[in-house]
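The structure appears right after this line, and notes come after that.
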Number of protein chains: 2
Amino acid sequence: MRRQEAEALILSAAEKVFAEAGFGGATMQLIADMAGLPKANLHYYFPTKETLYRQVVQNIFQIWLQAADIFDQADGPAEGIGAYIDAKMEISRRHPEGSKVWAAEVMHGAPVIQDYLETTLTEWTNGRISVIERWISEGRMDPIDPRHLLYMLWATTQHYADFGHQIETLNGDTALSDAQWNAAKSSVKGIILKGIGAKDHV
Amino acid sequence: MRRQEAEALILSAAEKVFAEAGFGGATMQLIADMAGLPKANLHYYFPTKETLYRQVVQNIFQIWLQAADIFDQADGPAEGIGAYIDAKMEISRRHPEGSKVWAAEVMHGAPVIQDYLETTLTEWTNGRISVIERWISEGRMDPIDPRHLLYMLWATTQHYADFGHQIETLNGDTALSDAQWNAAKSSVKGIILKGIGAKDHV
DNA sequence: TCTGAACTTGACCATACGGTCAGGATGGCC
DNA sequence: GGCCATCCTGACCGTATGGTCAAGTTCAGA
């Protein structure tokens, strides 16, 4: 097996196990079993449990950042924020494990990715705040505090991944259907875009 | 020390440690140190780690349910949902540890409190859905899918506890001030209440 | 075919953890 | 004071875990 394949296999297994059990609850043996490899092999590619975990979290952060580019390419708040919500909802649907690992990491005080929060995330956030402030000054949306708007976007979209189990339970122990995911998306978009008074066509 | 005092002391310490380290990462020794008691004493009051954890989660759920009563006592959506947001934001501020433990528990598939999700939470949710549907039929708010509105309320308010560390980092490594908490509350309330077209005075 | 670097793995080790227990302290009550 | 139930705790134990290692296996390239 090539190095790349092996690492991808292990990372995928690790993401699942870390998401389900947390860093402390996850064991290298569990990850090894899920990847179908002997435990010692994991340590060949990733020297320590923490190395492996760090890599998992970094991968998630990358996906997360990519989706965020949509924000800038947009012409106005309805389009930009709408597309951003769609993108983040799609990530919540396709990569719920990653979202959970990220959430757990932050909840525990970000011991591993604190530097990312202080550099990349801070810069990205400030950039987006500028965009929102411009939209506001152009009268294309209400004068909302951009920070709290961003928090709301993160919270609502990631909730569908992080609290997916609760949502499924309340949905009669059934995963959301395509139609229900669409309903979720349009509910979130509808409420937020109306709530901030987004006007793309002034 | 009375039984009640000792248990309260241990539960408080346990809540903190479970929130910071997760169930798997928490150790009885850590909890004991934080409570200022020898480890063996913890096992006198709580036979196993899981017993202790279960008790912590149940306590959180109780607080959570109490705050939810506000919903019904209200006259209309703006008042009811507004008060509910205030109450949940206040819990996020005062009991961030509890919120984190709850979030982690749900993220890991609710191994300990699944029965609560299926009984109490389901009933509470259905009750609130009825209230919201009544408000809609009375024309006091837009025809929103009540479920997704509830998810949005939970997500946005709990985000300030669960992702408090991230928010503090983006706030220049400073805890939110009173003014900032008020800004957060009114931002959330403003966007959501406008977003659902809440009209208490038709 | 030979060589060596990359890869694989069963067996092993030190440690840390949840949990036990026996013996002792405490304090209310007669 | 004497008795008893409750409470407290240092020392201990079995186990599971992260990590190591030495002995292989594989395979590309000379």
Side-chain angles (χ1 to χ4, degrees), chain A residues 1-59 97 100-101 104-105 107-113, chain B residues 1-59 97 100-101 104-105 108-109 111-113:
Chain A
M1 202 182 303
R2 282 216 260 297
R3 182 162 205 107
Q4 219 179 346
E5 292 175 56
E7 287 183 353
L9 181 67
I10 295 168
L11 283 168
S12 163
E15 188 176 285
K16 263 189 203 121
V17 175
F18 281 134
E20 281 169 17
F23 179 81
T27 70
M28 294 300 273
Q29 189 61 62
L30 232 65
I31 297 171
D33 291 349
M34 180 148 297
L37 297 172
K39 180 164 74 91
N41 206 343
L42 264 63
H43 280 99
Y44 175 75
Y45 289 102
F46 301 92
T48 67
K49 186 183 176 185
E50 206 184 300
T51 314
L52 176 54
Y53 175 73
R54 183 180 230 104
Q55 194 58 240
V56 168
V57 176
Q58 284 178 358
N59 284 1
E97 292 89 6
K100 286 178 191 174
V101 175
E105 165 69 9
M107 284 201 304
H108 297 160
V112 167
I113 43 86
Chain B
M1 202 182 303
R2 282 216 266 298
R3 183 163 205 107
Q4 219 179 347
E5 291 175 56
E7 287 183 353
L9 180 69
I10 295 168
L11 283 168
S12 164
E15 188 176 284
K16 262 187 204 124
V17 175
F18 282 134
E20 280 169 19
F23 179 80
T27 71
M28 294 299 273
Q29 188 62 61
L30 233 67
I31 297 171
D33 290 350
M34 179 146 299
L37 296 172
K39 181 165 72 94
N41 205 342
L42 265 64
H43 281 99
Y44 175 74
Y45 290 104
F46 300 93
T48 68
K49 187 183 177 183
E50 206 184 301
T51 314
L52 176 54
Y53 175 75
R54 184 179 230 106
Q55 193 59 239
V56 168
V57 177
Q58 285 179 358
N59 284 0
E97 292 89 6
K100 287 178 190 174
V101 175
E105 164 69 10
H108 297 161
V112 167
I113 43 86

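Being a predicted model, the structure only gives us computed values, none of them experimental. The chains referred to below are lettered A, B, ... by the order of the sequence lines, with proteins before strands, and numbering in each begins at 1.
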Q: Please confirm whether the backbone N or O of B:Ile113 pairs with a side-chain atom of B:Glu105, one donor and one acceptor, at under 3.5 Å?
A: yes
Q | Shortest side-chain distance from A:Asn41, nucleotide among C:dT9, D:dC7, D:dG18 | A | C:dT9
Q) Do B:Lys49 side-chain and C:dG19 base share a donor-acceptor contact under 3.5 Å? A) no
**Q.** side chain to side chain contact (heavy atoms under 4.5 Å, CB included) between B:Tyr45 and B:Leu52, intermediate numbers included
**A.** CA-CA 9 Å; B:Tyr45 290 104; B:Leu52 176 54; over 6 Å; no
Q | Rounded interatomic separation in angstrom, taking CZ from A:Phe46 and P from C:dC7 | A | 12 Å
Q) Looking at B:Arg3, does any N or O in its side chain come under 4.0 Å of the phosphate oxygens OP1/OP2 on D:dC7? A) yes
Q: Take the protein atom CG of B:Leu9 and the nucleotide atom P of D:dC7, then report the distance between them rounded to whole Å.
A: 15 Å
Q.
Has A:Lys100 got a side-chain atom pairing as donor or acceptor with A:Phe18's backbone, closer than 3.5 angstrom?
A. no
Q. What's the CG-P distance between B:Leu42 and C:dT20, to the nearest Å?
A. 13 Å
Q.
Tell me the interatomic distance from A:Phe18, atom CZ, to D:dG18, atom P, rounded to whole angstroms.
A. 9 Å
Q.
Distance check needed: C:dT20 C1' versus B:Lys39 NZ, whole Å only.
A. 9 Å
**Q.** Between P of D:dT17 and CG of A:Leu52, the distance in whole Å
**A.** 16 Å
Q. Does A:Leu11 offer a backbone N or O that forms a donor-acceptor pair with the side chain of A:Gln55 under 3.5 Å?
A. no
Q) With respect to the side chain of A:Ala40, which nucleotide from D:dG18, C:dG10, D:dT9 is positioned closest? A) C:dG10
Q. Got a sec: does the CD of B:Gln58 have more than 12 other heavy atoms crowding it under 6.0 Å?
A. yes
(Q) Side chain of A:His43, heavy atoms from C-beta onward: which of C:dT8, D:dG18, C:dG19 has the nearest atom to it? (A) D:dG18
(Q) Could you tell me how far apart B:Leu30 (CG) and C:dG19 (P) are, to the nearest whole angstrom? (A) 15 Å
Q. Expressed in angstrom and rounded to an integer, what is the separation of B:Met28 atom CE from D:dC13 atom P?
A. 21 Å
Q) So what does B:Ala26 hit on the nucleic acid, given a heavy-atom distance under 4.0 Å: a base, only sugar-phosphate, or nothing? A) sugar-phosphate
**Q.** Closest nucleotide among C:dG18, D:dG10, C:dC7 to the A:Tyr44 side chain
**A.** C:dC7
